[in-house]
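Reading through the structure tokens given below for one structure.
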Amino acid sequence: MRWSKTLLETLKETPAEAEIVSHQLMVRAGLIRKLAAGLYNYLPLGFRVIRKIEQIVREEMDAAGAVEVQMPILSPAELWQETGRWSKYGAELFRVKDRHERDFALGPTHEEIITDMVRKSVRSYRQLPINLYQMHTKFRDEIRPRFGVMRAREFIMKDAYSFDRDDKGAEDAYKKMFETYQSIFKRCGLRFKAVEADSGAIGGSFSSEFMVLADTGEEAIASCTKCSYAANVEKAQGRIASPNIQEAPQEKKLVATPGKHTVEEVAEFLQVPITRLAKTMLYFADGKLYAVVIRGDREVNEIKLKNAIAATELVLANPEQIKQATGAPVGFAGPFDLKGIEKVLLDDSLEGAVNLVSGGNQADTHATGVNLGRDFTPTEVCDLRVAQAGDLCPSCGEPLTIERGIEVGHVFKLGLKYSQAMKATFLDEAGKEQYCVMGCYGIGVSRIAAAAIEQNHDEFGICWPLPLAPYQVVLLPVAPKDPKAREMAEAVYAELQAAGVEALLDDRDERAGIKFKDADLIGIPLRLTFGKSVAENKIELKRRDQKEAELVPRLGIVARIKMLCADMLSAGA
RNA sequence: CGGGGUAUAGCGCAGUGGCUAGCGUACCUGCUUUGGGAGCAGGGGGUCGAAGGUUCAAAUCCUUCUACCCCGACCA
């Protein structure tokens, strides 16, 4: 491509609204342009990157035996009502009406649609297993779109759905996709990690996320320093490292703690370690109140709680609800004598603990010597806390560390959730009707572009990994006085194109400095400069990821570039 | 949804009631320059987010609306 023939405008200044580096660079390098909140135009350069990612995903999915289809973006409300997600998906589901006032959703994911497609076609076990996928635009009405295409309202996703005869087949399909995802992200040149995850609104029994490691990632990952255990902190089960002290139970006593609301204030005031506090939190879920008792230094993991009580909506109780249940204002709740509480759940950080300090259920009062079983009895004991660095690995007992990541892929074991709700069945060898066992597998195509930049950039701009680069080589003729430089650049450009190398010729009438700055900004992996050295039939070759350039002879330049590209491609794989 | 902020040229910004609304950058023309975001000269580009109001006079004051950005959405 000739620079002068495409729409490629770079910005010297960073747009005020872009917060993270990938967003800033994508706008400055002319990859994307915002249309409205969470909606972006992909300009030619950015679209080429999307195409590169899609192609890698497509090749690997096809190699894994999946079959590509395409489903409409609009889907009728009836299908969503069949599974109950029309009401359960919440405000994130983009709803629209047609001229006849019929309800539709802009697809955020397509389980209902694909299940409908399959139930209409599949009748026999002979048609299974099958794995269908599409690459398409998805819509989610995010509360707060931000970070450019990283969290947009409209984005490109690859979504695949597997249908199997039994659990064993579904398990195999899941494993196959897990492996396929590993090769996809490797081929994209990303540093990533697969982690156990909560399955959220999609549902199902088990899921893994693929995280691109980056400090700006929105997700936190707990991983073991020794074994291979890694999980999203939403899911991670860190065993508590410091055990609770054993001693003889004391009398329960109420003590005045005027104005001391937070655990830090209370621990300081009563001179007890913060781990001795039993923090009592009240939650309101699906019309009922729940109490959660957790060690003072720990935080409630609302996703674990939501799963423990099978809630669809969960919020902290408001001050009136707290007053009613405890008889006290916010800040003085204790686990005993609660009114109107559906369940009292105890985080297992406090299992076996004695002589705790909790709120006294009276204003400005806390209780000491609170003991499990005598002063209160939890309905359930389970893990309800957010894992922390230093917690012990659930599989090998070594300490966990916390790092951050960008979720680029998610694979789910769905089981029968959708096939039962929507009656997607087939006849087995015995002529007996069976439900399809499903799995689903997503990849954020547009998010990969942003994630790759988060991982691959420097102070001058993007440094694309070769497999995702919009062009492999950029050619800069920089000696306008010397027609030979331009001629040679044109000739090499033609030869590269003939050889199948994706080349961008900067044929603009610009000064050398501008061309160098722009080439660095847009991050093409290889740069050829046609300047002074053309007089000796030499061309300057520089890799974007290296500091030093080298002079290479004009003769054999194309072979040299092809070899370099091949090397850089396989380096990622 | 709550709070805060912003809206003036493609981008970044100035302009607190008074002449034709400005600066940097980008864009166009010419000359010079030419290996890391050149210099000089000339030029084009704005219903100052929208509507209404106050005033002799409004980008500027008031009201309403819209869009966008940030923070928060209760850890007792």
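Below, chain A is the first sequence line, B the second, and so on; all start at residue 1. Hydrogens, waters and symmetry mates are skipped; everything else that's a heavy atom, side chains included, is used.
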Picking from B/C11, B/G35, B/C69, which would you name as closest to the side chain of A/K34?
B/C69
Yes or no on salt bridge (charged side-chain N to carboxylate O under 4.0 Å, His left out) for A/K235 and A/E209, after CA distance, side-chain angles and deciding distance?
CA-CA 11 Å; A/K235 162 100 179 189; A/E209 287 168 339; over 6 Å; no
Could you check which nucleotide pairs with B/C68 in any of the strands shown, counting Watson-Crick or G-U wobble with both distances under 3.5 Å?
B/G5
A/L11, nearest nucleotide to its side chain (from B/C11, B/C13, B/A26):
B/C11
Step-by-step salt bridge (charged side-chain N to carboxylate O under 4.0 Å, His left out) determination, A/R146 to A/E19:
CA-CA 9 Å; A/R146 59 186 135 174; A/E19 267 195 291; 6.0 Å; no
If we take the C1' atom in both B/C11 and B/C74, what is their distance in whole Å?
40 Å
B/C28 and B/G44: how far apart are their C1' atoms, nearest whole angstrom?
7 Å
Please report the C-alpha distance between A/Q250 and A/T368 in whole Å, then the side-chain angles of each, then the deciding distance to 0.1 Å, and finally whether the side chain to side chain donor-acceptor pair (under 3.5 Å) criterion is met.
CA-CA 8 Å; A/Q250 300 162 358; A/T368 61; 5.6 Å; no
Could you tell me how far B/G15 sits from B/C23 if I compare only their P atoms? Round to whole Å.
15 Å
How many whole angstroms separate atom CZ of A/R28 from atom C1' of B/G12?
12 Å
Residue matched to B/U55 through Watson-Crick or wobble contacts both under 3.5 angstrom:
none
Pairing residues for A/N371 by the side-chain contact (heavy atoms from CB on, under 4.5 Å) criterion, not counting sequence neighbours:
A/P249, A/V354, A/N355, A/R374, A/D375
Extract from the structure each pairing of a protein N or O with an N or O of nucleotides 40-46 of chain B at less than 3.5 Å, listing the distance.
none

Gap in Å between the two C1' atoms, one belonging to B/G49 and one to B/C68, rounded
10 Å
Say we look at B/U6 and B/A14: how far apart would their C1' atoms be, to the nearest angstrom?
15 Å
Rounded to the nearest Å, what distance is computed from the CG atom of residue A/D520 to the P atom of nucleotide B/G36?
12 Å
Rounded distance in Å - CG (A/L475) to P (B/G35):
19 Å
Whom does B/G17 pair with, Watson-Crick or G-U wobble, provided both distances fall under 3.5 Å?
none
Hunt down the Watson-Crick or G-U wobble partner of B/A38, both distances under 3.5 Å, from any strand shown, or write none.
B/U32
Please give, in whole Å, the distance from B/G10 C1' to A/E9 CD?
6 Å
For B/C19 versus B/A59, give the span between their C1' atoms, rounded off to a whole number of Å.
16 Å
Can you check the A/E13 CD to B/A14 C1' distance for me, whole Å?
14 Å
Quick one: list whatever passes salt bridge (Lys or Arg N to Asp or Glu O under 4.0 Å) with A/E380, sequence neighbours left out.
A/K343
Show every salt bridge (Lys or Arg N to Asp or Glu O under 4.0 Å) that has at least one partner inside residues 272-283 of chain A, sequence neighbours left out.
A/E247-A/R276
Partners meeting side-chain contact (heavy atoms from CB on, under 4.5 Å) with A/L564 (sequence neighbours left out):
A/L526, A/L541, A/R543
When all nucleic acid strands are considered with a 4.0 Å heavy-atom cut-off, which category describes A/R508: base, sugar-phosphate, or nothing?
nothing
Using whole Å, what does the distance between atom P of nucleotide B/U25 and atom NZ of A/K517 come to?
17 Å
Rounded to whole angstrom units, what separation is found between the CD atom of A/E540 and the P atom of B/G36?
11 Å
Listed partners of A/K339 passing side-chain contact (heavy atoms from CB on, under 4.5 Å), at least two apart:
none
So what does A/A479 touch, heavy atoms closer than 4.0 Å: a base, only the sugar-phosphate, or nothing?
nothing
Watson-Crick or G-U wobble partner of B/C27, both distances under 3.5 Å
B/G43
Can you tell me which residue pairs pass the ring-ring contact (aromatic ring centres under 6.0 Å, His included) test with a partner in residues 5-30 of chain A, sequence neighbours excluded?
A/H23-A/Y40
If you restrict it to nitrogen or oxygen atoms, what contacts under 3.5 Å exist between nucleotides 70-76 of chain B and the protein, and what is each distance?
residue : atom : partner : partner atom : Å
B/C70   : OP1  : A/E19   : OE1          : 3.2
B/C71   : OP2  : A/R144  : NH1          : 2.8
B/C71   : OP2  : A/R144  : NH2          : 2.3
B/C75   : O2   : A/V300  : N            : 3.4
B/A76   : O3'  : A/H261  : O            : 3.2
B/A76   : O2'  : A/H261  : O            : 3.3
B/A76   : O2'  : A/G331  : N            : 3.0
B/A76   : O2'  : A/G331  : O            : 2.4
B/A76   : O2'  : A/F332  : N            : 3.3
B/A76   : N7   : A/T280  : O            : 3.0
B/A76   : N6   : A/L282  : N            : 3.2
B/A76   : N6   : A/L282  : O            : 3.0

Reading nucleotides 28-33 of chain B from 5' to 3' and marking B where a protein heavy atom lies under 4.0 Å of the base, S where only the sugar-phosphate is that close, and - otherwise, the string is -----B
With a non-hydrogen cut-off below 4.0 angstrom, is A/G531 in contact with a base, only sugar-phosphate, or nothing?
base
Pairs in or reaching into residues 22-49 of chain A: which pass salt bridge (Lys or Arg N to Asp or Glu O under 4.0 Å), with residues at least two apart or in two chains?
A/E9-A/R33, A/E17-A/K34, A/R48-A/E502
What distance, rounded to whole Å, do you find between the two P atoms, one in B/C56 and one in B/A50?
24 Å
So ring-ring contact (aromatic ring centres under 6.0 Å, His included) across residues 277-332 of chain A, not counting sequence neighbours, yields A/H261-A/F332, A/F332-A/H366
Length of the CG-P vector between A/D509 and B/C27, whole Å:
11 Å
Who pairs with A/E540 by salt bridge (Lys or Arg N to Asp or Glu O under 4.0 Å), at least two apart in sequence or on another chain?
A/R527
Look up atom OH in A/Y493 and atom CG in A/L528, then write down how far apart they are to the nearest 0.5 Å.
13.0 Å
Do the side-chain N or O atoms of A/K515 get closer than 4.0 angstrom to the phosphate oxygens (OP1, OP2) of B/G37?
no
Among A/T137, A/I73, A/L35, A/L106, exactly one meets side-chain contact (heavy atoms from CB on, under 4.5 Å) together with A/E154. Which residue is that?
A/T137
Counting the atoms with a prime plus P, OP1 and OP2 as sugar-phosphate, which does A/R385 contact under 4.0 Å by heavy atoms, base, sugar-phosphate, or nothing?
nothing
Separation between the P atoms of B/U16 and B/A7, rounded to whole Å
13 Å
